[in-house]
Asks: 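Quick one: the structure is below, and I'll ask about it shortly.
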Amino acid sequence: MTSSFKGPKASRRQFLAGAAAIGAGAATGARAQSPDPLITEVQEWAQGLGEGVDATPYGMPIRFETDVVRRNVPWLTADPISSINFTPIHALDGTITPQGCAFERHHSGAIELSKDDYRLMINGLVDRPLVFTYADLERFPREQHVYFCECAANTGMEWAGAQLNGAQFTHGMIHNMEYTGVPLRTLLNEAGIQTEGKWVYVEGADASSNGRSIPMEKALDDVLVAFKANGEALRKEHGYPVRLVVPGWEGNMWVKWLRRIEVTTQAVESREETSKYTDTLADGTSRKWTWVMDAKSVVTSPSPQSPITHGPGPLVITGLAWSGHGKIKRVDVSIDGGKTWEQARLASEPGDKALSRFYLDINWDGSEMLLQSRAMDETGYVQPTKAQLRDVRGLNSVYHNNCIQTWHVKTNGEAENVEVS
Ligand SMILES: Nc1nc2c(c(=O)[nH]1)N[C@H]1C(S)=C(S)[C@@H](COP(=O)(O)O)O[C@H]1N2
Ligand SMILES: [Mo]
């Protein structure tokens, strides 16, 4: 498939030639007529002292980066308490999401719960019902893992047509952090699971409680009771002091402010797993228990909020890919709406159920592009087109939309959310 690609892939020689041309282009006029004062003059910032180390006990991004923030979609945000905002994935690089701009989803607002007031109960079909304080949790052996958390509703507004103009809005209900915590298995074994215990029901301390049932096999596998993210305490909005991390499974199951784990014989069939988080299919019936987030990817730049700001020549195309079934194996990128594909470069060894960053470095000829990316995971599963997904799911679904996204990049570098048929 890649061998048939005739697109403008940049060779090293072309790349260097292009870079030189751009350098010359940018300086033409400026260099010919007048020296660049940014180079020839001693600048203000070199004539006095900068801030001392006591100015910023806890750092915030520099003021030039105030654009890189969570945003919401006003018509979707009927009420800011029971709502969602989106990660600015169009403006980030690498794979780790800083907590300060990682999307939030609350059903009854973010609560403030101190470590001292924190309690975690394990009850139900166990030999010894237990209550842990925060200090108790800190005494169990810990693990660290990087995982993505994707809301099942991510890309959910795009079922019936291209709607939101920006990767932040179409794909920003996702974050990827390094978690530190205790395996749920360790705590369940401490309580002693009785043989009839086949599920756990997990709930949070907030008013919504966001209760969900998890089959015992998953609970004993890779689920973490986490208290640190990216090295520091969880932020309030992500469940301080303790949240559940359910790798690869829909974000709704990642219970924040985790307060109780009940071992049960069956699923509880709570609100969050019956009237919500079920999928309408093309024939009008509903599917429940869609837990795993299938392989998906998106080009984050260029994209509507991250247009091309230079002329023809070297262009970095980049994006994110992930799969709830394991590692990303490969990502292909198309600049012609899926007619031809080129294999992108993965920036680092793909992690298990974690975001992967991909790059495709091309020599852009300045013509318009229909930019797409297509992820394949280690199971061999390939991210579907919108048409393929609609055959099964129809137009009335909300959750689990992992279709291939298209950006129409114009000759002036601006990009728009479109569909190709
Ligand atoms: N206790 C509690 N846990 C919760 C929620 C909630 O409202 N209350 N929202 C869920 C949903 S729908 C998602 S997508 C994730 C979002 O996690 P985040 O806010 O850290 O991004 O948390 C889940 N856990
Ligand atoms: Mo969610």
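Indexing begins at 1, ligand by ligand and atom by atom, following the structure's order. In this text the structure is predicted, and so the values were computed from the model without any measurement.
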Asks: Rounded at 0.5 Å granularity, tell me how far CG in Asn176 sits from CD in Glu150.
Replies: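 Result: 11.0 Å between the selected atoms.
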Asks: Are there more than 12 heavy atoms of other residues, nucleotides or ligands under 6.0 Å from atom NZ of Lys410?
Replies: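 More than 12 heavy atoms, drawn from other residues, nucleotides or ligands, come within 6.0 Å of this atom.
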Asks: Quick one: do Arg259 and Asp206 make a salt bridge, cutoff under 4.0 Å?
Replies: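 No, Arg259 and Asp206 are not salt-bridged.
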Asks: Name the one of Tyr277, Trp291, Trp159, Trp289 that satisfies ring-ring contact (aromatic ring centres under 6.0 Å, His included) with Tyr399?
Replies: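 Per the ring-ring contact (aromatic ring centres under 6.0 Å, His included) rule, the option paired with Tyr399 is Tyr277, out of Tyr277, Trp291, Trp159, Trp289.
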Asks: Given a heavy-atom cut-off of 4.0 Å, could you list the residues near ligand 1 in chain and number order?
Replies: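 Within 4.0 Å of ligand 1, the protein residues are Phe103, Glu104, Arg105, His106, His107, Cys151, His175, Gly204, Asp206, Ser208, Asn210, Glu237, His238, Arg243, Gly251, Asn252, Trp254, Val255, Lys256, Trp257, Tyr277.
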Asks: Any salt bridge between Glu419 and Arg390, counting N to O under 4.0 Å?
Replies: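 The answer is yes: the pair qualifies as a salt bridge.
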Asks: So, for His145 and Tyr179, is the gap between ring centers shorter than 6.0 Å?
Replies: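 No; Tyr179 has its ring centre 6.0 Å or more from that of His145.
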